[in-house]
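Taking it in order: structure first as structure tokens, then the write-up.
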Amino acid sequence: MNERDTLKINKKGHLEIGGMDAVDIANKFGTPVYVFDEAYIRNMMRTYKNAIVKHYGGNGLVLYASKAFSCMAVYAIAKQEGIGVDVVSGGELYTAIKAGFDAQKIYMHGNNKLVSELELALDNKIGNIVVDSFREADILNKLAADRGIVQNVLIRINPGVEAHTHSFVQTARTDSKFGFSVSDGAAEEMTAHVLEKKNLKLLGYHCHIGSQIFEKQSFVLAAQKVMDFCAVIKQKLCFEAETLNIGGGFGVWYNGEDPKLKPADYEDYLKCLIDAIKAKAEEHALKLPYLVIEPGRSIVGEAGVTLYTVGAIKEIAGIKKYVAVDGGMFDNPRYALYQSKYTVMLANRANEPCTEKVSVAGKCCESGDLIAVDVPLPKAESGDIMAVLTTGAYNYSMASNYNRNFIPPAILVKDGKAEYIIKPQTYDDLTRNDVVPEYLK
Ligand code: LLP
């Protein structure tokens, strides 16, 4: 499998996703709609799982970073594939539990977890909590003591590795709201703090250097720095980390500027990282840690396509042509937030050559509501079905009801069949929690 296998152009000249004609999907389910190819998601989960078996004797766990796309069906797939998940909120945790996910295989993150979220985690007996502040350690210890349990934890550390990616999605720089820096002694201080807590069992460390990263060296460097830190801690505090969670961040293809990686390439990322850990373990005479990774984007990103219908088309002579679709920043805020680039196609005319460059606009009342700028397309007409590729990660999960638009439904395609995994919203859903106080009536 490679990333394009989910997409084909069929005899009618239509885009096909996971064996289904995109035009048929649009006719049956309407637009806008998020379409996910189940086979792609499973394949990526297996790629990472098998790589840990092949290169590390199975001494580790793949967690799907569910912030990339959280809904009950995706947790159900992860469960069947025998991997774990990471969650970052009570909502993600609740969704995973409701989907029947094994709580022991859930890791919880967050730089400011709410007490209610920690309580939900403990009451569901989740496997591991990644502690990110002194305050959190104190609260968690107390909550665990109240319940008469000892909670497994990791500490999020910040090895100070700069990865080449958008500054908002870099997380392990020294100036970050996440984690304890190794360089200023905070990570060591926090280790000593957690080791004193009777109701917390420190298993090791977590770091995550950022997202949409292609340089293997960034991952290798982070792993080396964390292992060096483990060696220092062993010497100073007599604590040897059993678990190392190295985060996610592996990049995906969005457009011509990105490499198109194959599963073998993702396996290679992991192998390089594992080689670095093995070498450092030998250098410092450390035990080989239980290795946890947390890919999100690379599992679901290229598995997803958003389908829209083209509506208004506006040409400003000599300046720009806007092709407006029935979605926008409410289903995909990534251009507005990060100027992210996407590949755009006409799904019903997928064989036709691109003859012009257009900007794809959404339907929100704001000029910045764009999905893509200056992208090549055949001459679009109202009623065409537009496909925006690689929208599986951080699209639905960052969607909103801005302008009281509906968050689109999501469907899962498998063996040429499609089913809802997230149903369409209704106007009643939008007003369900609204209350008009008596005096306003
Ligand atoms: N683990 C932790 C602790 C994370 O913070 C993240 C992503 C991941 C794992 C998964 O990283 P991935 O494999 O998906 O790169 N909204 C941004 C991305 C934010 C990523 C946040 N953390 C975007 O749309 O690009």
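From a predicted model like this one, the values you see are computed outputs, not experimental measurements. Order of appearance sets the numbers: ligands from 1, and atoms from 1 within every ligand. Computation of the quantities below employed the complete heavy-atom set of this structure, encompassing side-chain atoms and omitting hydrogens, waters and symmetry-equivalent molecules.
Between Y48 and Y266, the angle of the ring planes goes over 60°, which puts this pair in the perpendicular group of the 30/60° scheme. Ring orientation note: the planes of F250 and Y269 are tilted relative to one another, at an angle of 30° to 60°. The aromatic rings of H109 and H206 are tilted relative to each other, their planes meeting at an angle between 30° and 60°.
Looking at H109, H206, H208, it is H208 that brings a heavy atom closest to atom 5 (O) of ligand 1.
Because its NZ or CZ atom is not both nearer than 6.0 Å to the ring centre of Y394 and within 45° of the ring axis, R297 does not count as a cation-pi partner of that residue.
Remark: ligand 1 atoms within the under-4.0 Å shell around heavy atoms of R156 are 3 (C). Numbered from 1 in the order shown, with element, the atoms of ligand 1 that lie under 4.0 Å from a heavy atom of G249 read 11 (O), 12 (P), 13 (O), 15 (O). The P295 neighbourhood of ligand 1 comprises atoms 13 (O), with distances under 4.0 Å to a heavy atom of that residue. Less than 4.0 angstrom separates some heavy atom of G296 from each of these atoms of ligand 1: 12 (P), 13 (O), 14 (O). For ligand 1, the atoms closer than 4.0 angstrom to any heavy atom of M398 are 16 (N), 24 (O). The distance from ligand 1 to the heavy atoms of E294 drops below 4.0 Å at these ligand atoms: 1 (N), 2 (C), 3 (C), 8 (C), 9 (C), 10 (C), 13 (O). The G248 neighbourhood of ligand 1 comprises atoms 9 (C), 13 (O), with distances under 4.0 Å to a heavy atom of that residue. Listed by number with element, the atoms of ligand 1 under 4.0 angstrom from any heavy atom of A65 are 8 (C), 9 (C), 10 (C).
Between K177 and D132, no side-chain nitrogen of the basic residue sits less than 4.0 Å from a carboxylate oxygen of the acidic one, so the salt-bridge criterion is not met. A salt bridge links K280 with D228: the closest approach of a Lys/Arg side-chain nitrogen to an acidic carboxylate oxygen falls below 4.0 angstrom. Salt-bridge annotation for R42 and E38: present, with a side-chain N of the basic residue lying under 4.0 Å from a carboxylate O of the acidic one. Between E242 and K287, none of the side-chain N atoms (NZ, or NE/NH1/NH2) sits under 4.0 Å from a carboxylate O, so this pair counts as no salt bridge.
Considering backbone and side-chain atoms alike, S298 places every N or O at 3.5 Å or more from each N or O of ligand 1.
Contact annotation for Y338 and ligand 1: only side-chain heavy atoms (C-beta onward) come within less than 4.0 Å of the ligand. By the criterion of a heavy-atom distance under 4.0 Å, neither the backbone nor the side chain of I213 is placed next to ligand 1. Heavy atoms of R297 found under 4.0 angstrom from ligand 1 belong to the backbone as well as the side chain.
Of all the heavy atoms in I371 and Y335, the pair that sits closest is O-CB, 3.6 Å.
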